Each structure stands twice: as C-alpha cells, then as structure tokens.
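Report on the following structure.
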Amino acid sequence: MIKTDILIIGAGPTGLFAVFEAGLLKLKCHILDALPQPGGQLSELYPKKPIYDIPGFPDILAGDLVDNLMEQIKQFEPGFTLGERAETIDKQEDGTFIVTSNKGKKFHAPVVAIAGGLGSFEPRKPLIEDIEFYEDKGIKYFIKNPEKYRNKRVVISGGGDSALDWSIFLSNVASEVTLIHRRNEFRGALDSVEKVQELKNSGKIKMITPGEVVGLNGAEHLESVDVDIEGAHRNIPTDYFIPLFGLTPKLGPIGDWGLEIEKNAIKVNNSLDYQTNIPGIFAIGDVNTYPGKLKLILCGFHEATLMCQAAYQIINPGKKYVMKYTTVSGVDGFDGTRKEAPKAVVKAIT
Ligand SMILES: Cc1cc2nc3c(=O)[nH]c(=O)nc-3n(C[C@H](O)[C@H](O)[C@H](O)COP(=O)(O)OP(=O)(O)OC[C@H]3O[C@@H](n4cnc5c(N)ncnc54)[C@H](O)[C@@H]3O)c2cc1C
C-alpha cells in the first residue's frame, strides 16, 4: 500500500503543478497515470507543438513544458505509478480513501485530486473496412514523433485544427502530404486554414475536398488509400494514413465513483476549491466543469493551487496557514535542497 497526503490521478500539466503547490505546503504527493509517461495531452498528442499562452513563455514546446514541470517538482520527490489506471475508490471510516489501480496496486490518502483531463484517450476512428488490421502498419491516430514521417508519403484526413496543424507541420518533413476532408469548409482556426491554402497554392501540400477515404490497400503494410471524390474513386499511394477526427472523451472508471457528472466532466464547487460532491475528492484541470470553465493549461495551474490550500486544511485541521510568496520564504525541497529568498526582499517586506 502506498501512503501519501494527496493522491493525484493524472500526470498532465495540472497534476504535475499540483505537486509543486502541495510541496510548498509540505504535503507529499503520489501521481498515478494510465499512460507510460508524464505530461498528459502535451506528451501524448502534441509534444512538438509550440504553446503560446503559458505566462512568462512567449512560446514553449509542449514537451519542453512537461520537462520543465518535472524539473520544478523534482525537489518535492513525488511518487509516480505510470501505466496504471485508477479503477476503484473506497472511503474509509476515518474519511480517508483507498484507490485501487487496474493492476491491483493500492494507494491510501486523506485527499484525492482527480486531474484526469479527457480521461482515457479514445480516437474517433473512421468506419473503413480492415482499419484495425492496418493500425501500427501505416495507420496512426496520434502523431507523437513527427520525425517518423520524414521523407514519407502521408495522407491526413479531418477538418479541424489537428488535421490542419499537422498538415502544415508535416509539409516540411514528409515527402508528400495530402489533406482530405469531406467538406469544402474547415472547422479549424482561420489562420491555419489560410496557411493550408497557401501551401496548396505553392504545391507543398495536395488537398482533396470534398473527399473521403473509403478503402485501404497493402499486403503487410499500408500501400495506398482509396478516396471517394463525389462518387468517383481515386487511388492514392501512401506510406501513412492519419485520420484526425478528434478524441471521444471517456471518463472511464472514475465515472462510476458517485461523483456528479455533467457532459463527461466532474462537477465542482468553483467558488472555493474545486471540491466535488464527495468531500476530500477534488477535480482539477480539463476533467472538471463549472460555470465559465476554460480548458486551458493556465486555468489548470490556478485550480491546482487553490485545491492544495483546501487539501492543507483537510490534512491539518484547525492549523492556520499564512500564504507567503516564494520570493519571501524561499523553497525548502523535501530532498534537503533549499532555494533561498533574496535577502533584500526579505528585509523590505518583514
Ligand atoms: C492539439 C492540442 C493543442 C492544445 N493547445 C493548447 C494551448 O495552446 N494552450 C493551452 O492552454 N491548452 C492547450 N490545449 C489543451 C491542454 O492540453 C489541456 O488543457 C491540458 O492538457 C489539460 O491538462 P490536464 O492535466 O488537466 O489533463 P491532461 O493533459 O488531459 O492529462 C490527464 C492525464 O490523466 C490521465 N488519466 C485519466 N484518467 C485516468 C485514470 N482513471 N487513471 C490514471 N490516469 C488517468 C491521462 O492518462 C492523462 O495523462 C491543447 C490541447 C490539444 C489536444
């Protein structure tokens, strides 16, 4: 049994930053994630994409943000259990919780913070015969490492941001990019649509609209796709077919924990601390919902911060906590490290 102060379910940016904020309050965290690596959507869906709305970073690659968060929390020595899914939760008589993973591992904590994001990632798959046969033999639903596609022929289908953004990105990597969408209009950001149009005009990508991939060919590996273009059929030789039709959000087992759920998200009390209808269980980041909710990384950071303050009160009932700036108090890592507050600042404020 692993014992900790806060069990965090989900190692996305929200869960990772919660470790830092908890550490400032001298609370220990253990993180459980179904994926084999930390970072949530950032590592799984777009590690090589720049993010432009992280305060203080004019731009930062998603993968680098995850690396930075891991570096920032190292001093608080969080425990990690990766590649295991939180399956069940049992409330104990003393109000604490025991969470059990799908592999039978048990975690005991007075506070559980669900930072499960979209839940388990389930790509929307097109209904094409034999599609399962070609999975990992030329069909990909996520792009993890764009280098895999260097000098390869790629067919992307979809009409949203992912399809547009990856077509733009891979136009500089792949030997040939063909973007296929079943309508003439795209749903993505206007500047991405314009960029794709420019790339098409300059011959850097091919575009087929309206069109739909309806058949897959190849003996051992995908060799070509059949496209229906308003009733006419065309065969396009390709090494990879990447249907980017979005993800079906699935809360998974957490959906059966007795939490109030609204549209696949966990309802929380946003005016205070992101606590759910079960005291001691919090939901932070993309997984929660409340009036005005924005699914953004920086909002997850904020929610994690307030959640930790409330967790402190549950773990240390009646103990008063006075918030101090890190510039004033410094940071005492659990690993014995100390980041000193600058002396001049301490003097000016105390
Ligand atoms: C293509 C794309 C581009 C984006 N660009 C931006 C941007 O520019 N700026 C921005 O602010 N946001 C952006 N976002 C949104 C941003 O990625 C999310 O807001 C952010 O990832 C939410 O973080 P999170 O930690 O709450 O959840 P997630 O990142 O989704 O992480 C949740 C983790 O929980 C785990 N998990 C779920 N259920 C369980 C379970 N039962 N047991 C164990 N583990 C579980 C999952 O495996 C996952 O690792 C983008 C999203 C996408 C898809």
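Computed from a predicted structure; not experimentally measured. The chain is numbered in sequence order, starting from 1.
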How many angstroms lie between atom [atom1] of [X] and atom [atom2] of [Y], to the nearest 0.5 angstrom?
X	Y	atom1	atom2	answer
Ile180	Ile229	CD1	CD1	7.5 Å
Glu260	Asn269	CD	CG	11.0 Å
Ile60	Ile51	CD1	CD1	7.5 Å
Asp161	Arg187	CG	CZ	8.5 Å
Cys308	Leu25	SG	CG	6.0 Å
His221	Asp136	NE2	CG	9.0 Å

Could you check whether any side-chain heavy atom of [X] comes within less than 4.5 Å of a side-chain heavy atom of [Y], counting everything from C-beta outward?
X	Y	value
Tyr149	Ile143	yes
Asp286	Thr14	no
Val213	Ile236	no
Val227	Val155	no
Ile254	Ile266	yes
Pro253	Thr88	no
Tyr321	Asn316	no
Val112	Ile114	yes

Considering residues, nucleotides and ligands other than [X], do more than 12 of their heavy atoms fall under 6.0 Å from its [atom1]?
X	atom1	result
Lys74	NZ	no
Glu129	CD	no
Lys137	NZ	yes
Lys195	NZ	no
Lys91	NZ	yes
Glu340	CD	yes

In terms of relative ring orientation, are [X] and [Y] parallel, tilted or perpendicular, with 30° and 60° separating the classes?
X	Y	answer
His30	Phe107	tilted
Phe301	Phe17	tilted
Phe169	Trp166	perpendicular
Tyr274	Tyr290	tilted

Locate the shortest heavy-atom distance separating [X] from [Y]; write the atom from each residue and the value.
X	Y	answer
Asn277	Leu259	OD1-CA, 3.3 Å
Ser157	Phe245	OG-CZ, 3.4 Å
His181	Glu185	NE2-O, 3.0 Å
Leu61	Pro50	CD2-N, 3.8 Å
Lys140	Pro243	O-CD, 3.2 Å
Gln41	Leu118	NE2-CG, 3.5 Å

Run the side-chain contact (heavy atoms from CB on, under 4.5 Å) test on Asn68 and Phe57 for me, step by step, so that the C-alpha distance in whole Å, both residues' side-chain angles and the decisive distance to 0.1 Å come before the verdict.
CA-CA 12 Å; Asn68 285 359; Phe57 289 95; 3.9 Å; yes
If only side-chain N and O atoms count, and only distance matters, is there a donor-acceptor pair under 3.5 Å linking Gln309 with Glu21?
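Distance-only check fails for Glu21 and Gln309.
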Side chains of Thr209 and Asn184 only: does a donor on one sit below 3.5 Å from an acceptor on the other?
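Result is yes, a qualifying pair exists.
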With Asn217 as reference, evaluate Asn235, Thr238, Val225 under the side chain to side chain contact (heavy atoms under 4.5 Å, CB included) test and give the passing residue.
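Among the candidates, only Asn235 passes.
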Is the backbone N or O of [Y] less than 3.5 Å from a side-chain atom of [X], with the two atoms forming a donor-acceptor pair by type?
X	Y	value
Thr4	Lys28	yes
Glu44	Gly39	no
Thr96	Gln92	no
Gln75	Gln72	yes
Thr276	Ala283	no
Lys293	Gly285	yes
Asn288	Val268	no

Linking I/L/V/M/F/W/Y whenever their side-chain heavy atoms sit closer than 4.5 Å, directly or via other members, would [X] and [Y] fall into one cluster?
X	Y	result
Leu296	Leu45	no
Ile54	Ile284	yes
Tyr240	Ile168	yes
Val19	Val331	yes
Ile31	Phe20	yes

Starting from the C-alpha separation in whole Å, work towards a yes-or-no answer on side-chain contact (heavy atoms from CB on, under 4.5 Å) for Lys26 and Tyr312.
CA-CA 9 Å; Lys26 310 245 178 299; Tyr312 180 87; over 6 Å; no
Before you tell me yes or no, could you show the steps for Glu262 and Lys267 under salt bridge (Lys or Arg N to Asp or Glu O under 4.0 Å), namely the whole-Å CA-CA distance, both residues' side-chain angles and the distance that decides it to 0.1 Å?
CA-CA 6 Å; Glu262 191 178 279; Lys267 269 176 98 171; 3.6 Å; yes
Pair Asp332 + Arg338, salt bridge at N-O below 4.0 Å
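A salt bridge is present here (some side-chain N lies under 4.0 Å from a carboxylate O).
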Are Glu212 and Arg182 close enough for a salt bridge, meaning some N to O gap below 4.0 Å?
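So Glu212 does not pair with Arg182 through a salt bridge.
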Taking the ring centre of each residue, are Phe241 and Tyr134 less than 6.0 Å apart?
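No - the distance between ring centres of Phe241 and Tyr134 does not fall below the 6.0 Å cut-off.
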Please evaluate residues Ile6 and Phe282 with respect to the criterion side-chain contact (heavy atoms from CB on, under 4.5 Å), reporting the C-alpha separation (whole Å), side-chain torsions for both, the decisive distance (0.1 Å), and the verdict.
CA-CA 10 Å; Ile6 307 179; Phe282 296 78; over 6 Å; no
From Glu135, Lys125, Arg124, residue fulfilling side chain to side chain donor-acceptor pair (under 3.5 Å) relative to Tyr141:
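The residue from Glu135, Lys125, Arg124 that satisfies side chain to side chain donor-acceptor pair (under 3.5 Å) with Tyr141 turns out to be Glu135.
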Please test Arg150 against Glu147 for side-chain contact (heavy atoms from CB on, under 4.5 Å), starting from the C-alpha separation and ending with a verdict.
CA-CA 5 Å; Arg150 185 159 296 279; Glu147 276 305 308; 2.8 Å; yes
Option among Arg153, Lys148, Lys152 that satisfies the salt bridge (Lys or Arg N to Asp or Glu O under 4.0 Å) test with Asp239
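Result: among Arg153, Lys148, Lys152, Arg153 is the only option passing the salt bridge (Lys or Arg N to Asp or Glu O under 4.0 Å) with Asp239.
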